[in-house]
Enquirer: 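Structure below; questions to follow.
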Amino acid sequence: MRLQNGKPDVLRTHTCGDVRAADAGREVTLCGWVHTRRDHGDLTFIDLRDRYGITQVVATAKERAEAHAALKDVRAEWVIRVRGTVRARPEGTRNPKLPTGDVELVATSVEVLNPSKTPPFYVNEETPVDETLRWKYRYVDLRRERSRELMRLRHEVVDFIRRYFIDREFWEIETTNLIRGDPTGARDFVVPSRHYPGKFWALPQSPQQLKQILMYGGIDKYFQMARAYRDEDPRSDRVTEHTQLDVEMAFVEREDVMALIEDLYTRIIERFSTKPLMRKPWPRLTFAEAMRRFGSDKPDLRFGMELVDLGGAFPKTAFAVVRDALAKGGTVRAIVVPGKADASRKEIDGWTEVAKGRGAKGLLSFAMAGSEVRSPVAKFLSAEELSAIRSASGARDGDLVLAVADVERVAADAVGRLRQHLGETLGLVDGSKHSAVLIHEFPLVEHTPDGGWTFSHNPFSGPLTPDELRWLDSEPERARSSQYDFALDGRETAGGSIRIYQRSMQERVFKQMGITKEEAAQRFGAILDALDYGAPPTGGFAGGIERICMTLAGTENIRELQAFPKTQTGYDLLLDAPAAITQAELDELGLRVVGKPEQR
RNA sequence: GGUCCCGUGGUGCAGCGGCCUAGCAUACGUCCCUGUCAAGGACGAGAUCGCCGGUUCGAAUCCGGUCGGGACCGCCA
């Protein structure tokens, strides 16, 4: 019996998932949705569904004319309340597919709580449905088994995480969602202020500053399921509004946090995934090694096909593409695609587009055909060079070598993307295991397109060691950061760093970014001030809740993990939002809408 | 801001210049049926092919635009 505070609900005594053979003879009342109806004339069945399961309800005209008539009238998705007697099903009519399949409810009375229009799509079948309809009628969609199980997964993962941290004496603390905006990085979602016309709140892109300040307040260990907002265009694995597990700890070093990430996510995966981890303990790669071997800072280790460097195969080449790349300090990065020497022109064109999508100017291909090395650019290369390509790449007969000549960063990135693409499309990825890897020793700063410098992670990430800062004066890109990232199956799943906690160091880093003292005081005043009042060393991480659930559920669609997802243009099809507000509201906020008249 | 894919009865798909008077499955409606569980059987209703314009003797089909959804690039400290 399903009990709540020791008593049945007022409207029902059981749920549709918990009537069993032991209940035979008992009088029960169930509430739920009509899942399916099977009408045999004077004998009618319906399957009654709620979140907990499905129970078959039966009535015959002969025994219970009134209940039978009512059952004949109901339709899919009507909400009904049925009273009746649990009966063991006759021999040979049991349904092993249902947990409740040994029994049925013989209806004595049927009450229609609410009829339903014919639903816009099937609840009782797992057929694909256009997302426009799913999100518009999310309340119908959520009744479907897949949607319900994804919501259940997310709930259970969040519950697991909460217990994990509470057991370890972390405090769950909510930070405010109306904060000061900062024009760097992603576009802020902005909220007008009534008391301060012309001024605006911003929704947090993460509670980064607030969680550090909690540490400065002596909270010591904190976590939160934090909403994070970015007004940027979504992709299949990122959305404008998402939830992150946000964690911060005082008096920790890099190793403490990396060990925590590894322990937590290992437990999550072992609890919720049917697939084992490839390796325990997890492999760790420095950023430099990850880029060199995989061309990615979130490499998928479920397949090999590591990058090779062919820069040495062309010591004095006449081939302009390679010569120019090498002349500006670049290189030639390549992968060996096993057995694809016979790839069609069309396939190679497709791969070229993948590489170009990551900034490559083109894609070089070399097919190992017997003793020959065939290539569209063979005529620009000497026999020695072609042979060097074969030996330097380690390619065997029948293999295809794909290469990009460019500066290191572009070449590695393009070939890395191509590697992942080929791994997935050629079926090289071993989908029976999970690849968990920690990436660390990221660069502290990186070039901006306009020649300046910017944070490679966030403004508060500290250097790997204080000593790293010496590079800032000469070769800033050599300065390493304390940042660490967790990549699961090639997807960035969590990341964090040890924070700067000394004002002088924070100001030194700001200076590198071209942020003046005045500007820093204005934008990051609270943090900088706090550093003057006894700020301990802190570190932490943030992990995407939807991201980890995606991997656990094996879906590529992040919206399925959200109860009320938005479209690719950030529109809410269910609520029809965003929407215009009244002139009175605008006046009160001191706002005037300019530009295009209202669209609707 | 850009590139690509999709848009056909309620839903999922097919059709891709004339064989379309738009096909199939399912849902929906009426009827038959006492052991089904994706029940079965019979009959029936339901779409001017997202929208606008163009090409053509003729457009669901080709072209342009537009709207909506999706994938990707830009963007995402």
Side-chain angles (χ1 to χ4, degrees), chain A residues 35-49 54-63 68 72 75-77 87 89-98 100-101 104 106 117-137 140-141 182-188 205-206 208-209 228-240 242 350 353-354 356-359 417 421 444-446 448-449 452-461 481 483 492 495 497 509-510 513 515 523-524 556-557 559 565-569 571 573 599-600:
Chain A
H35 191 65
T36 57
R37 188 173 57 102
R38 294 176 294 281
D39 185 349
H40 291 235
D42 287 338
L43 169 71
T44 299
F45 302 95
I46 63 158
D47 286 344
L48 193 64
R49 182 198 70 239
I54 287 177
T55 295
Q56 174 167 287
V57 180
V58 62
T60 63
K62 200 171 155 193
E63 288 164 320
H68 177 255
K72 277 182 93 78
R75 291 294 182 271
E77 299 313 307
R87 175 169 78 189
R89 293 201 198 181
E91 202 59 48
T93 67
R94 298 195 178 132
N95 185 351
K97 285 188 278 186
L98 289 179
T100 61
E104 60 194 357
V106 183
K117 290 186 185 175
T118 300
F121 48 84
Y122 304 111
V123 175
N124 51 16
E125 283 182 34
E126 295 299 314
T127 48
V129 178
D130 189 90
E131 289 193 22
T132 315
L133 281 169
R134 290 187 65 191
W135 310 146
K136 182 175 163 95
Y137 297 98
V140 176
D141 183 65
D182 182 31
T184 58
R187 212 174 280 123
D188 282 326
Q205 298 182 23
S206 89
Q208 183 61 42
Q209 296 190 52
Y229 307 87
R230 292 177 180 177
D231 193 2
E232 299 290 352
D233 293 346
R235 288 287 188 281
S236 61
D237 65 347
R238 67 173 211 239
V239 275
T240 56
H242 73 107
E353 286 310 309
V354 172
K356 282 184 172 173
R358 300 306 302 181
R417 170 60 73 100
H421 175 82
L444 187 65
V445 300
E446 56 192 41
T448 58
W453 294 94
T454 187
F455 318 103
S456 126
H457 182 223
N458 74 43
F460 316 108
S461 284
S481 154
Q483 184 194 343
E492 186 187 331
S497 67
V509 172
F510 280 150
M513 308 307 147
I515 299 173
R523 284 166 55 185
F524 307 110
E556 296 299 314
N557 184 351
R559 291 176 297 277
K566 295 180 172 60
T567 70
Q568 202 162 63
T569 51
Y571 194 78
L573 293 165
Q599 313 256 326
R600 266 171 299 152

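Numbered from 1 within each chain, the chains take letters A, B, ... in sequence-line order. As a basis for the values below, the full set of heavy atoms in this structure was taken, side chains included, without hydrogen atoms, waters or symmetry mates.
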Enquirer: Among the candidates rC72(B), rG12(B), rU34(B), find the nucleotide nearest to the side-chain atoms of Arg417(A).
Expert: rC72(B)
Enquirer: So if I define the base as every atom that isn't primed, P, OP1 or OP2, how would nucleotides 25-30 of chain B read as a B/S/- string at a heavy-atom cutoff under 4.0 Å?
Expert: -BSSSS
Enquirer: Does His35(A) reach the side chain of Ile46(A), with side-chain heavy atoms less than 4.5 Å apart?
Expert: no
Enquirer: Quick check for you: to the nearest 0.5 Å, what is the distance between Arg89(A) atom CZ and Arg94(A) atom CZ?
Expert: 9.5 Å
Enquirer: Under the salt bridge (Lys or Arg N to Asp or Glu O under 4.0 Å) rule, collect the residues that match up with Arg523(A), sequence neighbours excluded.
Expert: Asp182(A), Glu519(A)
Enquirer: Considering heavy-atom distances to RNA chain B, does Leu133(A) or Phe455(A) have its closest nucleotide positioned more toward the 5' end?
Expert: Leu133(A)
Enquirer: Can you tell me the distance, in whole Å, between the CZ atom of Phe510(A) and the P atom of rA77(B)?
Expert: 16 Å
Enquirer: Remember a base hit wins even if backbone is also touched, and classify Arg87(A) as base, sugar-phosphate or nothing at under 4.0 Å, heavy atoms.
Expert: base
Enquirer: Sequence neighbours excluded, which residues qualify as side chain to side chain donor-acceptor pair (under 3.5 Å) partners of Thr60(A)?
Expert: Glu63(A)
Enquirer: Measure from the side chain of Arg235(A), starting at C-beta and using heavy atoms only, and say which of rA77(B), rG74(B), rU36(B) lies closest.
Expert: rG74(B)
Enquirer: Ring stacking, Phe121(A) with base of rU11(B), under 5.5 Å and under 30°?
Expert: no
Enquirer: Would you say a side-chain N or O of Arg38(A) is under 4.0 Å from OP1 or OP2 of rA39(B)?
Expert: yes
Enquirer: Kindly point out which of rA39(B), rU36(B), rC76(B) is positioned nearest to the side chain of Thr36(A)?
Expert: rA39(B)
Enquirer: Identify, with sequence neighbours excluded, every residue that meets side chain to side chain contact (heavy atoms under 4.5 Å, CB included) alongside Thr567(A).
Expert: Thr569(A), Tyr571(A), Leu573(A)
Enquirer: Between protein and nucleic acid, restricted to nucleotides 40-43 of chain B and to nitrogen or oxygen atoms under 3.5 Å apart, what atom pairs and distances do you find?
Expert:
none

Enquirer: With a non-hydrogen cut-off below 4.0 angstrom, is Lys97(A) in contact with a base, only sugar-phosphate, or nothing?
Expert: sugar-phosphate
Enquirer: Among rU34(B), rC37(B), rG35(B), which nucleotide sits nearest the side chain of Asp42(A)?
Expert: rU34(B)
Enquirer: My understanding is that a pair needs two contacts under 3.5 Å, Watson-Crick or G-U wobble. By that rule, which nucleotide pairs with rC20(B)?
Expert: none
Enquirer: Nearest 0.5 Å, what's the CZ-CD distance between Arg238(A) and Glu492(A)?
Expert: 11.0 Å
Enquirer: Is there side-chain contact between Thr100(A) and Gln56(A), with heavy atoms separated by less than 4.5 Å?
Expert: no
Enquirer: Enter the distance from Gln205(A):CD to Asn458(A):CG here, rounded to the nearest 0.5 Å.
Expert: 11.5 Å
Enquirer: Please round to the nearest 0.5 Å and tell me the distance separating atom CG of Asp141(A) and atom CH2 of Trp135(A).
Expert: 6.0 Å
Enquirer: rC75(B) base to Arg238(A) side chain: any donor-acceptor pair below 3.5 Å?
Expert: yes
Enquirer: So, does the side chain of Glu91(A) form a donor-acceptor pair with the base of rG35(B) at under 3.5 Å?
Expert: no
Enquirer: Can you work out whether Val129(A) or Thr60(A) has the more 5'-proximal nearest nucleotide on RNA chain B?
Expert: Val129(A)
Enquirer: Identify the nucleotide, in any strand shown, that forms a Watson-Crick or G-U wobble pair with rC43(B), with both distances under 3.5 Å; if there is none, say none.
Expert: rG29(B)
Enquirer: Sequence neighbours excluded, which residues qualify as side chain to side chain donor-acceptor pair (under 3.5 Å) partners of Asp47(A)?
Expert: Thr36(A), Arg38(A)
Enquirer: Going by ring centres under 5.5 Å and near-parallel planes (under 30°), is His40(A) stacked on rA39(B)?
Expert: yes
Enquirer: Is Arg230(A) near enough to rA77(B) that one of its side-chain N or O atoms lies under 4.0 angstrom from OP1 or OP2?
Expert: yes
Enquirer: Please confirm whether any donor atom in the side chain of Arg89(A) sits under 3.5 Å from an acceptor in the base of rC37(B), or the reverse.
Expert: yes
Enquirer: Would you mind pulling out the nucleotide paired to rG35(B), Watson-Crick or G-U wobble, both distances under 3.5 Å?
Expert: none
Enquirer: Which is true for Pro128(A) with a 4.0 Å heavy-atom rule: it touches a base, it touches only sugar-phosphate, or it touches nothing?
Expert: sugar-phosphate
Enquirer: Would you kindly give the CG-to-P distance between Leu43(A) and rA39(B), to the nearest whole Å?
Expert: 14 Å
Enquirer: Let's see if you can work this out: which of rG1(B), rG35(B), rA77(B) has an atom nearest to the side-chain heavy atoms of Glu104(A)?
Expert: rG35(B)
Enquirer: Please tabulate, one pair per line, each protein N/O and nucleotide N/O from nucleotides 4-9 of chain B that are separated by under 3.5 Å, including the distance.
Expert:
none

Enquirer: Sequence neighbours excluded, which residues qualify as side chain to side chain contact (heavy atoms under 4.5 Å, CB included) partners of Phe455(A)?
Expert: Pro459(A), Val509(A), Phe510(A), Met513(A), Ile515(A)
Enquirer: State, with a plain yes or no, whether a side-chain heavy atom of Arg75(A) is found less than 4.5 Å away from one of Thr118(A).
Expert: no
Enquirer: For rU61(B), what is the paired nucleotide under Watson-Crick or G-U wobble rules, both distances under 3.5 Å?
Expert: none
Enquirer: Scan nucleotides 67-70 of chain B against the protein and return all N/O pairs shorter than 3.5 Å with their distances rounded to 0.1 Å.
Expert:
from	atom 1	to	atom 2	distance (Å)
rG69(B)	OP1	Thr567(A)	OG1	3.3
rG69(B)	O4'	Thr132(A)	OG1	3.3
rG70(B)	OP1	Gln568(A)	N	3.3
rG70(B)	OP2	Gln568(A)	N	2.7
rG70(B)	O3'	Arg559(A)	NH2	3.1
rG70(B)	N7	Gln568(A)	OE1	3.3

Enquirer: Within this structure, what is the NZ-to-C1' distance between Lys72(A) and rA39(B), rounded to whole angstrom?
Expert: 13 Å
Enquirer: State which of rU11(B), rC72(B), rC37(B) makes the closest approach to the side chain of Thr93(A).
Expert: rC37(B)
Enquirer: Does rG7(B) have a Watson-Crick or wobble mate here (both distances under 3.5 Å), and if so which one?
Expert: rC67(B)
Enquirer: Would Arg187(A) and Asp231(A) count as a salt bridge (Lys or Arg N to Asp or Glu O under 4.0 Å) if you check the C-alpha gap in whole Å, the side-chain angles of each, and the deciding distance to 0.1 Å?
Expert: CA-CA 5 Å; Arg187(A) 212 174 280 123; Asp231(A) 193 2; 5.0 Å; no
Enquirer: Not counting sequence neighbours, which residues clear side chain to side chain donor-acceptor pair (under 3.5 Å) with Ser497(A)? List them please.
Expert: Ser461(A), Arg499(A)
Enquirer: Can you name the residues that form a salt bridge (Lys or Arg N to Asp or Glu O under 4.0 Å) with Glu77(A), not counting sequence neighbours?
Expert: Arg49(A), Arg143(A)
Enquirer: Considering residues at least two apart in sequence or located in another chain, which fulfil the side chain to side chain donor-acceptor pair (under 3.5 Å) criterion with Glu556(A)?
Expert: Arg491(A)
